[in-house]
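Working notes for the structure below.
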There are 2 protein chains.
Amino acid sequence: MAAYIQTVMETRRYARVLARLRSVGLRPTRQRLALARLLFDGGNRHVTAEQLHSEALEANIRVSLATIYNTLHQFTRAGLLREVVVDHGRAYFDTNTKEHHHFLFEDSGRLQDIPSKGVTVTGLPAAPSGTTVSRIEVIIRLREHGSSQ
Amino acid sequence: MAAYIQTVMETRRYARVLARLRSVGLRPTRQRLALARLLFDGGNRHVTAEQLHSEALEANIRVSLATIYNTLHQFTRAGLLREVVVDHGRAYFDTNTKEHHHFLFEDSGRLQDIPSKGVTVTGLPAAPSGTTVSRIEVIIRLREHGSSQ
DNA sequence: TCAATAGTTTAGAACAATTCCAAACTACTT
DNA sequence: AAGTAGTTTGGAATTGTTCTAAACTATTGA
Ligand SMILES: [Mn+2]
Ligand SMILES: [Mn+2]
Ligand SMILES: [Zn+2]
Ligand SMILES: [Zn+2]
């Protein structure tokens, strides 16, 4: 019956992901379902295309890298992901789409969320005329001090 | 005598750039002198490698793209420039090395300085233990509203 | 249930930005 | 003037990403 419960939970998760894809008008294909689960089952994450691709292969999900890119962009357009730019050369996709900021561990390149709640930026000049603020991004770059300087 | 004054000013600028390179231990080569003047004579700027390369060619300075990259990185390491990351795919180099933030015009990709003076970020959690804040970056993404949405 | 259709996936080519390489060159020292 | 270490360069290589066109598949509605 442990196995039975397992199956029920499985089915639930599956249904949730399926509904999510449907709700944004994307066909629930094998690849998208699998990727959605890697991305959204579990806590918030910051992934690169390559990372997600490796994870998929490790989990025995056959997906091409082109599909990874397609999917990440479609999910982003659909508001399921957001892109974070902290490093030229690599695009990070963030499963946390709520307004929030980031710690960046410079050495490892790892990102960590800072809840927006409480954080305020004051003293900013008004947006230049003819423009609207689409987002304020705060990135706190951290140097790890210890072994390797 | 207008020509004479011109020459004096030229000499001054040259001397300044030369001293600047010497002070950071970089040999004042033809290429570095020319690039330093494109970068530092005049107001603060945000340039990409390609942009600087075109400017150099337009000004009849023969420099390879490899040298542009070498120089930009050497200047950055020497603290004469700083790198700003706002767009994956392209590296921007900023001649303003003082602490400051940026407006980013999303459509054009153009950056505009926001003096740090006055701007405060409050409510941030402490830096994770074992780390030090190396820089706080605030980027305000702007959408230009008008002709093209 | 079975086309027809529109949307999706894929391998591989193409692309853009950047880095690497090893040979030629040049600034500085002696 | 010669020696040395630092610099420049064209071109090849690498990296991350996008494009392409052909094969495949989910959806629809007859
Ligand atoms: Mn992108
Ligand atoms: Mn760089
Ligand atoms: Zn995040
Ligand atoms: Zn700036």
Side-chain angles (χ1 to χ4, degrees), chain A residues 14-15 17-38 46-57 59-78 80-81 83-93 109, chain B residues 14-15 17-38 46-57 59-78 80-81 83-93 109:
Chain A
Y14 177 86
V17 166
L18 192 117
R20 200 159 189 184
L21 290 180
R22 284 249 164 76
S23 81
V24 297
L26 292 170
R27 288 187 186 175
T29 63
R30 182 176 55 79
Q31 292 87 338
R32 291 212 271 238
L33 285 166
L35 294 178
R37 298 178 59 180
L38 284 178
H46 306 95
V47 289
T48 66
E50 286 290 355
Q51 270 167 28
L52 185 59
H53 192 215
S54 320
E55 273 184 38
L57 298 186
N60 277 314
I61 301 155
R62 211 171 54 271
V63 209
S64 73
L65 188 54
T67 297
I68 299 281
Y69 278 106
N70 289 342
T71 305
L72 287 173
H73 286 136
Q74 288 155 349
F75 283 11
T76 301
R77 235 177 297 127
L80 265 39
L81 290 176
E83 221 176 315
V84 185
V85 179
V86 283
D87 177 25
H88 64 261
R90 240 174 218 320
Y92 284 80
F93 293 86
Chain B
Y14 178 85
V17 166
L18 191 117
R20 201 161 190 182
L21 289 180
R22 285 251 163 75
S23 82
V24 297
L26 291 171
R27 290 189 184 173
T29 63
R30 183 175 57 76
Q31 291 87 339
R32 290 210 271 237
L33 284 165
L35 295 178
R37 298 179 59 178
L38 285 177
H46 306 94
V47 290
T48 65
E50 285 289 356
Q51 271 167 27
L52 186 59
H53 193 217
S54 320
E55 273 184 39
L57 298 186
N60 278 315
I61 301 156
R62 213 171 55 270
V63 209
S64 73
L65 188 55
T67 297
I68 299 282
Y69 278 106
N70 288 341
T71 305
L72 286 172
H73 286 135
Q74 287 154 350
F75 283 12
T76 302
R77 236 177 295 128
L80 266 39
L81 291 175
E83 222 177 317
V84 185
V85 178
V86 283
D87 178 24
H88 64 261
R90 241 181 193 15
Y92 284 82
F93 292 87

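Every chain is numbered from 1 and lettered A, B, ... according to where its sequence line falls, protein lines coming before strand lines.
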Identify the two heavy atoms, one from [X] and one from [Y], that lie closest to each other, and give their separation to 0.1 Å.
X       : Y       : value
A:Leu57 : A:Ile61 : CD2-O, 3.7 Å
B:Thr76 : B:Leu72 : OG1-O, 2.7 Å
A:Leu33 : A:Pro28 : CD1-O, 3.7 Å

Spacing of [X] atom [atom1] relative to [N] atom [atom2], expressed in whole Å:
X       : N      : atom1 : atom2 : answer
A:Leu57 : C:dT9  : CG    : P     : 15 Å
B:Leu72 : C:dT19 : CG    : C1'   : 14 Å
A:Asp87 : C:dT18 : CG    : P     : 11 Å
A:Leu52 : D:dG16 : CG    : P     : 15 Å
A:His88 : D:dT17 : NE2   : C1'   : 15 Å
B:Glu50 : C:dC15 : CD    : P     : 16 Å

Next item on the list: Can you check each nucleotide of nucleotides 6-13 of chain D against protein heavy atoms at under 4.0 Å and return B for base, S for sugar-phosphate only, - for none, in 5' to 3' order?
Entry: SSBBB---
Margin query: Before we go on, tell me: are the rings of B:His73 and B:Phe93 under 6.0 Å apart, centre to centre?
Written below: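 Distance test on ring centres: under 6.0 Å, yes.
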Next item on the list: Verify, without hydrogens or angle tests, whether B:His53 (side chain) and B:Val63 (backbone) share a donor-acceptor contact under 3.5 angstrom.
Entry: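 Checking the backbone N and O of B:Val63 against the side chain of B:His53, a donor-acceptor pair under 3.5 Å is found.
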Next item on the list: For DNA chain C, find the residues of residues 17-24 of chain A with a heavy-atom distance under 4.0 Å and give them by number; none if there aren't any.
Entry: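 DNA chain C contact set from residues 17-24 of chain A: none.
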Next item on the list: Apply side chain to side chain donor-acceptor pair (under 3.5 Å) to A:Thr67 and list each qualifying residue two or more places apart in sequence or on a separate chain.
Entry: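 For A:Thr67 the side chain to side chain donor-acceptor pair (under 3.5 Å) partners, ignoring immediate neighbours, are A:Ser64.
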Next item on the list: Could you pull out all residues at least two apart from A:Glu55 that satisfy salt bridge (Lys or Arg N to Asp or Glu O under 4.0 Å)?
Entry: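 Partners of A:Glu55 under the salt bridge (Lys or Arg N to Asp or Glu O under 4.0 Å) test: A:Arg45.
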Check: Excluding sequence neighbours, so at least two apart, what forms salt bridge (Lys or Arg N to Asp or Glu O under 4.0 Å) with A:Arg37?
Finding: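 In terms of salt bridge (Lys or Arg N to Asp or Glu O under 4.0 Å), with neighbours along the sequence ignored, A:Arg37 is linked to A:Glu10, A:Asp41.
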Item checked: B:Tyr69 vs C:dT19: side-chain N/O to OP1/OP2 distance below 4.0 Å ->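 No, B:Tyr69 has no side-chain N/O under 4.0 Å of OP1/OP2 on C:dT19.
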Check: Under 4.0 Å: is that the gap between some side-chain N or O of A:His73 and OP1 or OP2 of D:dT18?
Finding: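 Indeed, a polar side-chain atom of A:His73 lies that close.
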Item checked: Non-neighbouring partners of A:Thr48 that pass side-chain contact (heavy atoms from CB on, under 4.5 Å), sequence neighbours left out ->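 A:Thr48 satisfies side-chain contact (heavy atoms from CB on, under 4.5 Å) with A:Glu50, A:Gln51, A:Arg90, A:Tyr92 only.
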